[in-house]
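Beneath this line is the structure, given in structure tokens, with notes to follow.
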Amino acid sequence: MTKISSHKKMDQEKILLIDDEEQVTEFLADIISREGLESRTANNGSDALEIAKAENCAVAIVDLTMPGLSGIDTIRRLKETDPDMEMIVFTGYPSLESSLAAIESRVFAYLSKPSDRHVILRMVERALERRRLIVENRELLSMLRVERDQLRNEVTAAKRGIERRLENSDSLVGKSESIRKVRHFVAQVAPTDLAVLILGESGTGKDVVARLIHESSGRDPNAFVKINCPAIPESLLESELFGHEPGAFTGAVNSKPGRFKLASGGTVFLDEIGDLPLRLQAKLLQSIEDKCFTPLGSAESLRVDFRIITATNAPIKTLIAEKKFRSDLFYRLDDYSIHLPPLRHRKEDIPLLADHFRGIYSTKFKCPDLEIPSDTLSILSQYKWPGNVRELESFIRRYVLEGGSGTCLELLKRSHSSNPDPGSAVEAVRKTEMDAILSSLNETQWNRRKAAELLGMSYSSLRRRISKYNLDQRKLAHESQ
């Protein structure tokens, strides 16, 4: 079928004239040709069908009463030949029955003989325009389908590329099925702007996954802003999130941009969102929905483009039931959720993770020849690791620091006797981490920021562990007296 474009002239379109009276076809051909249109004539339905098969006709003007094939049958057969051909009935014997049959056959117009030439031409022009629109719409839909398929293929290829890069990444180590699924989920959601909620126990690597999503998103690589909700005092949290102007509160001398503004073009990562004070949850919800917020002390709203990723190890639905977390905020944050498995559910990854951390800390502590024996890896694989990957990293750090022997290894061996006690294993790891922290604090003369850097953890994480293990310097000094 010839593709008709609205940019083409009408004289390139043919009108098929079908009537058993020769003077009628001559009359129609004359008024058609005067308008610059080309026509073909037939005196019966059979001849018309032969012409339609040989040439592309845009519109047919059909008499209903003809010998042989009737006008209605001719219309139906022509529609089978070319469904886009528009039909105009031109009959000297109009009737309700024939008009209903014409409607059923989807004719464009029903004219009675005689008709004014201007009426006939107007119907022909309208029929041509209708045909053009139908054909152009079909072509446009076809182009859109092609573009959609191309875009779908590009997106699929991009996601596969992200997944392959993640497989070779040192950030998310592991070959287990559960970690493979996590990589797949990251690849699926990263190119979108969906809000992501990362769920999992403490130490499973929620911040690692958040950063991987950002790095694979195509957003500004330098605009990743992490906010640890419980690490910031509640009185300062609103200012940290949204910023403030001078005089907004006591001590606010200068204006300060909030973390949301610093994340413009990038990603805001709210860690431990379950600890966000209830009074800030409504403002956070509005900021996420509108991508707009007002700094403290300002009358002007700021519009910022950022993506939101949140994480929590808290039972968020329990918090909602207890009215400690807004359900509307939860559903807004939970466009796409990723559950990180605890380390005890992917034991096959423990040797890989242990070797990965060994490589990092052997370089850092300048003992590149250190290896972890297979029997030690076997002992590590039997732990439940309540602190998950973070706890394993802490143990390997201490193990490497001690040169592959010492207290931590002995504790591991004792805890894995013939009847291992899970409680003693947990205590062994707790003591290992506590000793590593104490060693670093003493080495840095209790400079906590330097100790955190030496341990390879964040300052806030070190503070939490000092509190967790009651490692207060004054208390230790008092006990040592």
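What you are looking at is a predicted structure, and each value in this text was computed from that prediction instead of being measured. Because only heavy atoms are used, hydrogens play no part in the values below, and waters and symmetry mates are left out as well, while side chains stay in.
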Can you name the nearest heavy-atom pair linking Ala354 to Leu392, along with the distance?
N-CD2, 4.2 Å

By side chain to side chain donor-acceptor pair (under 3.5 Å) - contacts of Glu104 (at least two apart)
none

Please identify each residue that fulfils side chain to side chain donor-acceptor pair (under 3.5 Å) with Asp20, with sequence neighbours left out.
none

Please verify the inter-ring angle class for Phe260 with Phe306; under 30° counts as parallel, over 60° as perpendicular, anything in between as tilted.
tilted

Checking Glu201 against Asn388: is there a side-chain donor and acceptor pair closer than 3.5 Å?
yes

Between Arg390 and Ser202: side-chain donor-acceptor atoms closer than 3.5 Å:
yes

A quick test of your reading: do over 12 heavy atoms of other residues, nucleotides or ligands sit less than 6.0 Å from [atom1] of [X]?
X      : atom1 : answer
Arg77  : CZ    : no
Glu300 : CD    : no
Lys324 : NZ    : no

What residues form a side-chain contact (heavy atoms from CB on, under 4.5 Å) with Asp290, not counting sequence neighbours?
Gln286, Cys292

Name all residues meeting the side-chain contact (heavy atoms from CB on, under 4.5 Å) criterion together with Pro257; count only those two or more places apart in sequence or in a different chain, and write none if there are none.
Lys261, Leu262

Partner residues of Asp349 under the salt bridge (charged side-chain N to carboxylate O under 4.0 Å, His left out) criterion, sequence neighbours left out:
Arg346

For Thr267, the option from Arg307, His214, Lys226 that meets side-chain hydrogen bond (donor to acceptor under 3.5 Å, both in side chains)
His214

Interatomic distance, CG@Leu329 vs CD1@Ile288, rounded to 0.5 Å, equals 5.5 Å

Decide yes or no for Thr310 and Val196: does some side-chain heavy atom of the first lie under 4.5 Å from some side-chain heavy atom of the second?
no

Kindly list each side-chain donor-acceptor pair under 3.5 angstrom involving residues 330-339, sequence neighbours excluded, with atom names and distances?
residue : atom : partner : partner atom : Å
Arg332  : NH1  : Asp335  : OD2          : 3.3
Asp335  : OD2  : Ala195  : N            : 3.1

